[in-house]
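Read the structure below first, then the notes.
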Amino acid sequence: MTGAQALVRSLECQGVDVVFGLPGGAILPAYDPLRSSSLRHVLVRHEQGAGHAAEGYAWATGRTGVCMATSGPGATNLVTALADAYMDSVPIVAITGQVPTAMIGTDAFQESDITGITSPVTKHNELVTDAERIPAAIAEAFHIASTGRPGPVLVDLPKDILQAKTSWSWPPALDLPGYRVPGPADPERIAAAARLLHRARKPVLYVGGGVVKSDSHEALRELAELAQAPVTTTLMARGAFPDTHPLALGMPGMHGTYAAVTALQECDLIFALGARFDDRVTGKLAAFAPKAKVVHADIDPAEIGKNRAPDVAIVGNLRAVLPELVVAMRALVNGAGPARTADWLATTTAWKRSYPLRYAQASDGPLKPQHVVERLSALTGGDAIVVAGVGQHQMHASQHYTFTKPRSWINSGGAGTMGFAVPAAMGAQIGRPGELVVAIDGDGCFQMTAQELATCSIEGLPIKVLIFNNGFLGMVRQWQELFYEERYSEVHLGTSIPDYVKLAEAYGCAGLRCEQPDDVDAVLEKALSTTDVPTVVDFRTHDAEGVFPMVPAGHSNDDIVLGPEFTAAEQRAASRKEVITS
Ligand SMILES: Cc1ncc(C[n+]2csc(CCOP(=O)(O)OP(=O)(O)O)c2C)c(N)n1
């Protein structure tokens with residue numbers, strides 16, 4: 001067979017069911033055998049869309065997403081998605097065509113050094129120079145992408161290698177001498193961590209995306225209940241612990257809930273699970289959680305001690321580690337008595353009650369984005385896969401949707417990639433057909449990758465895209481309002497161009513508009529019940545609405561600002577970490 005046939009056969013043997021891509025000269029040989037393969041190819045309108053679709057598929061299913069592009073600009077159009085997947089530990093495999101081996105380094109037509117370009121943003125990449133290696137290169141790519149800390153892998157295939165005759169065998173031997181996946185965690189450290197948790201009077205479980213990726217949410221719940229410890233779920237972990245649970249504090253960080261942010265500041269033990277002490281969570285690192293001991297469990301040893309030195313470090317896969325922690329904790333509770341956190345829980349619960357997420361929706365408008373999210377949450381019963389772009393709408397979605405299940409929230413956390421939502425929703429819908437996939441997008445973000453609506457229409461993917469059209473690059477506008485004395489510079493987009501309803505219709509989607517709070521339910525119900533075509537809703541949201549609470553960048557989390565819906569007296573009480581009793 002040819003190298004191209006070996007590639008397609010390897011993908012089939014790997015269990016791939018869908019490839020998001022767009023062909024061109026160098027990758028042409030691979031597209032020929034694709035026609036007669038069992039693989040579904042989704043023809044995107046821009047390679048960035050292929051990358052984010054592969055990510056959305058991976059987030060939604062837990063399987064590795066696959067994208068494919070030609071050499072040069074096709075490959076470089078994947079770079080943003082690869083960087084995004086790298087930051088958020090999303091397992092994807094990118095396959096790129098390359099100019100023929102004899103032309104590499106000659107500035108040949110559509111040549112780019114994509115392995116060089118992507119080496120800082122991939123977990124691994126390889127330029128294949130021998131067709132015999134194709135099965136092994138593909139098998140290794142999937143192994144590396146999906147094991148250990150997941151991430152993106154790129155395989156670059158020169159055209160002559162794809163055309164060359166080669167032999168075939170499967171499974172290939174994996175030859176990865178430098179690649180180690182952490183084995184079982186040290187039982188003594190599990191025991192030490194459980195002892196610290198059992199002894200703590202003010203613990204907080206700081207839950208990151210690793211809990212979702214390892215599908216260990218059930219063990220997390222057991223641990224939280226045994227420890228009677230409140231739980232914060234980061235932007236990457238929304239849904240890992242149900243927001244409806246009495247121990248749930250919501251999201252920590254720059255736009256986290258007051259209770260989550262302040263509980264982390266005041267706790268005596270941070271129990272970090274698959275989280276990485278990101279600057280958006282810690283605020284000013286030197287001032288973060290000054291009284292806390294730290295247990296840090298993560299699959300990636302490079303995360304341990306990167307930002308905060310732990311007292312107990314556990315390196316291992318949470319899929320095994322969390323159940324082990326549950327066993328150790330249960331033994332302590334049974335032997336030495338239940339956790340003694342009642343006073344602490346009374347305090348964190350009072351913080352929740354005193355300083356909730358607050359916004360004001362007047363019945364005659366303007367329409368508040370938070371209101372749309374809350375109505376969506378109510379109408380879907382939390383039973384949707386929610387995908388977000390990047391900006392204010394992302395924070396409003398994360399704050400106000402009530403997440404109860406893992407893999408029901410998909411977003412770009414680490415990189416903050418505008419344009420993520422529409423193609424990621426497309427990938428999620430393919431991965432979970434028949435389920436409700438709703439993208440909440442900003443008008444700025446939407447315009448970066450909106451062309452994938454054509455792909456969604458043609459592929460019969462009935463995603464819902466709710467554009468929060470505030471006419472601004474809202475999050476940047478907010479920073480200019482707060483930190484540049486309202487000197488607005490290049491953030492105004494306007495609400496009317498494009499006409500999103502007409503644009504939706506041009507792409508074969510249903511297009512709806514909603515301007516008034518009273519119409520939100522009816523419009524949402526219409527959108528949610530449209531299942532034959534994708535639906536786009538132009539929600540005309542308040543242009544001056546901010547995202548609060550907010551910890552200004554570089555500040556201590558103690559400086560959390562509740563926002564304009566709270567009185568000065570409430571803010572002063574919050575700053576003193578008092579609770580409001582009346
Ligand atoms: C590709 C990219 N470019 C620029 C930014 C910087 N940025 C972060 S949020 C934001 C505004 C997003 O505007 P919009 O999509 O309208 O969402 P809103 O904040 O108004 O909800 C910008 C420009 C980014 N995150 N990604």
Side-chain angles (χ1 to χ4, degrees), residues 46-49 51-52 55 76-88 121 235-236 253-255 278-280 359 366-374 376 386-401 410-425 438-453 465-484 487-498 500 503 514 536-548 550 552-553 563:
H46 187 298
E47 291 87 350
Q48 183 182 354
H52 293 321
E55 288 188 271
T76 57
N77 275 349
L78 288 177
V79 172
T80 298
L82 290 167
D84 191 89
Y86 191 62
M87 290 290 275
D88 283 350
V121 294
L235 185 65
M236 295 299 294
M254 179 177 273
H255 292 297
D278 175 58
D279 59 84
R280 284 295 188 267
Y359 69 97
L367 176 58
K368 297 297 177 84
Q370 301 94 323
H371 176 66
V372 180
V373 176
E374 289 191 357
L376 177 73
V386 180
V387 188
V390 169
Q392 292 181 312
H393 61 282
Q394 174 191 27
M395 293 299 124
H396 286 136
S398 176
Q399 288 179 339
H400 290 271
Y401 197 87
I410 299 174
N411 83 136
S412 168
T417 304
M418 290 173 70
F420 178 83
V422 172
V438 183
I440 293 177
D441 214 358
D443 46 330
C445 291
F446 175 78
Q447 292 188 68
M448 290 201 176
T449 51
Q451 69 277 7
E452 298 312 333
L453 287 176
V465 183
L466 313 184
I467 304 171
F468 285 12
N469 180 6
N470 54 15
F472 279 95
L473 298 168
M475 188 56 100
V476 183
R477 184 202 166 283
Q478 178 169 345
W479 284 48
Q480 289 178 348
E481 179 185 337
L482 297 177
F483 310 122
Y484 292 85
R487 289 190 302 280
Y488 298 117
S489 178
E490 302 301 324
V491 287
H492 187 239
L493 300 172
T495 48
S496 55
I497 296 177
Y500 294 103
L503 186 74
C514 180
V536 176
V537 188
D538 176 13
F539 281 105
R540 296 293 175 92
T541 52
H542 187 209
D543 58 3
E545 192 66 19
V547 183
F548 290 98
M550 180 172 193

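Numbers for residues simply follow the sequence, beginning at 1. Note that ligands are numbered from 1 as they come in the structure, with each ligand's atoms numbered from 1 the same way.
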Specify the closest pair of heavy atoms between [X] and [Y], including all atoms of both residues, with the distance to one decimal.
X	Y	answer
Asn470	Asp543	O-CB, 3.3 Å
Val373	His396	CG1-O, 3.9 Å
Tyr359	His371	OH-CA, 3.4 Å

Please determine if [X] has a nitrogen or oxygen closer than 3.5 Å to a nitrogen or oxygen of ligand 1.
X	result
Phe446	no
Gly474	yes
Asn470	yes
Val476	no

In the protein, which heavy atom is nearest to [atom], and how far is it?
atom	answer
atom 22 (C) of ligand 1	Met418 SD, 3.3 Å
atom 13 (O) of ligand 1	Leu473 CA, 3.4 Å
atom 21 (O) of ligand 1	His393 ND1, 2.7 Å
atom 25 (N) of ligand 1	Gly416 O, 2.8 Å
atom 15 (O) of ligand 1	Cys445 N, 2.7 Å
atom 12 (C) of ligand 1	Val390 O, 3.5 Å
atom 14 (P) of ligand 1	Gly444 N, 3.6 Å

Please identify which atoms of ligand 1 are closer than 4.0 Å to at least one heavy atom of [X].
X	result
Gly442	14 (P), 15 (O), 16 (O), 17 (O)
Gly391	9 (S), 19 (O)
Met475	9 (S), 19 (O)

Is the closest heavy atom of Gly389 to ligand 1 under 4.0 Å?
-> no
Determine, using heavy atoms of Phe468 and all atoms of ligand 1, whether some pair is separated by less than 4.0 Å.
-> no
Who passes ring-ring contact (aromatic ring centres under 6.0 Å, His included) against Phe483, sequence neighbours left out?
-> Trp479
Those residues at least two apart in sequence (or on a different chain) that pass ring-ring contact (aromatic ring centres under 6.0 Å, His included) with Phe468 are none
What distance do [X] atom [atom1] and [Y] atom [atom2] have between them, rounded to the nearest 0.5 Å?
X	Y	atom1	atom2	result
Gln478	Met550	CD	CE	5.5 Å
Ile467	Cys514	CD1	SG	13.0 Å
Thr541	Asn469	OG1	CG	6.5 Å
Met254	Asp279	CE	CG	7.5 Å

Keeping the roles fixed (side chain from Gln370, backbone from His400), state whether a donor-acceptor pair exists under 3.5 Å.
-> no
